[in-house]
Amino acid sequence: MAKAVYKAEKDNGLTKDDQDKIETLLAEEDMGWMTSGKFTYNNKEYTIADYISDMPKCTGGFLVELDSYYDEFSKFKTDKGQPLQFKRPEFIAANKTAMNYVKAYVNAFESALDASDFNTVYNNKTVSYSQLFDMDSLVQYWMVNELFMNVDAMKKSTYMYKDIDGLFQMGPIWDIKVCLQNPRMPMQISGTHGKIIRNLIRRYWRPPALITQSRYLVWALMAA
């Protein structure tokens, strides 16, 4: 977006420095342009359609974090009380359409996981949990944290992301320094890790597809 504006307006005095500032504005400071189709920079209003033919959708481009600190600017709690926050775009709370989209999406995923048939109604359609989240990434994320005994898993620095029109996926794996009996935090390893993993399995590993894919991953690792 910023690049397209710069290319069209550089003969009118817009510089590379302006391009960088516009990129920061659109990505981190003012997300309202995604619904209004306009933004203001240096007291001048720009209409997005004048520079690109298709407006980006509000269905992706999100990096969401589960962290007990819950200290980011843009954040929300799911219907079941799970705190989540946006790492990028940092100030997406200014765009109610995007915020509501992510809330509804994650609520639908939680609802499907807790349903007896693992289905829920989302956008007036009956969908399964596996139609909302990439199962391979979820299983692989769990396996890495399990093998490395990551104490912070599902508690701090737990990330998931979503591309435009894609499924949510787990990752990137982050803040994994407190694992494998790291001597810096020896008292946290014993017992805590097991409790986290047991709660994770109890809540999220009931669906049959997750159980099956977990087995396939374990078999593949054993055969490698």
Side-chain angles (χ1 to χ4, degrees), residues 59-69 78 80 82-88 102 105-123 125-224:
T59 62
F62 312 123
L63 178 62
V64 180
E65 181 186 21
L66 185 161
D67 195 294
S68 59
Y69 287 127
T78 67
K80 298 184 183 297
Q82 175 62 59
L84 293 172
Q85 55 190 6
F86 286 84
K87 206 68 177 179
R88 294 290 185 274
V102 176
Y105 196 105
V106 176
N107 281 331
F109 180 63
E110 278 197 328
S111 177
L113 285 176
D114 286 340
S116 58
D117 60 355
F118 307 112
N119 292 320
T120 191
V121 176
Y122 175 64
N123 285 344
K125 295 181 180 179
T126 299
V127 296
S128 168
Y129 65 96
S130 59
Q131 293 176 277
L132 299 170
F133 217 107
D134 183 87
M135 294 295 102
D136 286 335
S137 77
L138 191 58
V139 169
Q140 290 166 9
Y141 187 89
W142 162 72
M143 180 60 73
V144 169
N145 284 289
E146 171 74 358
L147 292 176
F148 281 81
M149 298 178 65
N150 182 18
V151 172
D152 285 332
M154 305 307 293
K155 183 173 66 175
K156 295 181 183 295
S157 301
T158 298
Y159 290 100
M160 59 184 185
Y161 66 93
K162 187 178 185 301
D163 293 329
I164 292 176
D165 291 338
L167 303 180
F168 255 113
Q169 302 194 48
M170 294 301 298
I173 292 177
W174 202 258
D175 195 15
I176 200 169
K177 60 185 179 295
V178 185
C179 63
L180 293 179
Q181 298 291 343
N182 187 322
R184 289 182 57 197
M185 312 257 319
M187 297 305 295
Q188 286 195 20
I189 301 296
S190 178
T192 304
H193 169 76
K195 181 179 179 181
I196 293 171
I197 294 300
R198 283 195 300 273
N199 289 340
L200 177 65
I201 293 174
R202 187 180 299 117
R203 174 76 187 280
Y204 294 118
W205 253 251
R206 295 186 311 113
L210 281 177
I211 296 173
T212 299
Q213 287 180 259
S214 298
R215 288 172 177 167
Y216 287 154
L217 180 57
V218 171
W219 293 338
L221 290 172
M222 293 176 64

Listed partners of Lys156 passing salt bridge (charged side-chain N to carboxylate O under 4.0 Å, His left out), at least two apart:
none
What residues form a salt bridge (charged side-chain N to carboxylate O under 4.0 Å, His left out) with Asp117, not counting sequence neighbours?
none
May I ask you to check whether Tyr122 and Tyr105 place their ring centers less than 6.0 Å from one another?
yes
Under the side-chain contact (heavy atoms from CB on, under 4.5 Å) test, residues paired with Thr126 that sit two or more places apart:
Asn119, Val121
What's the shortest heavy-atom distance between Ala112 and Ser128, and which atoms?
CB-C, 4.4 Å
Spacing of Asp134 atom CG and Lys162 atom NZ [to the nearest 0.5 Å]:
12.0 Å
So do the side chains of Asp67 and Thr158 get within less than 4.5 Å of each other, counting heavy atoms only?
no
Could you check whether any side-chain heavy atom of Lys80 comes within less than 4.5 Å of a side-chain heavy atom of Asp114, counting everything from C-beta outward?
yes
Residues at least two apart in sequence or cross-chain that pass ring pair (Phe, Tyr, Trp, His ring centres under 6.0 Å) with Tyr141, listed by chain then number, are none
Enumerate donor-acceptor pairs with a distance under 3.5 Å from any side-chain N or O in residues 164-174 to protein atoms, sequence neighbours excluded.
residue	atom	partner	partner atom	Å
Asp165	OD1	Thr59	OG1	3.0
Asp165	OD2	Lys57	NZ	3.0
Gln169	OE1	Tyr161	OH	3.4

For Glu65, enumerate each residue passing the side-chain hydrogen bond (donor to acceptor under 3.5 Å, both in side chains) test, keeping only those at least two apart in sequence or located in another chain.
Gln85, Tyr159
With Met160 as partner, the option from Leu138, Leu66, Val106 fulfilling side-chain contact (heavy atoms from CB on, under 4.5 Å) is Val106
Test side chain to side chain contact (heavy atoms under 4.5 Å, CB included) on Arg88 and Phe86; report intermediate values, then the result.
CA-CA 5 Å; Arg88 294 290 185 274; Phe86 286 84; over 6 Å; no
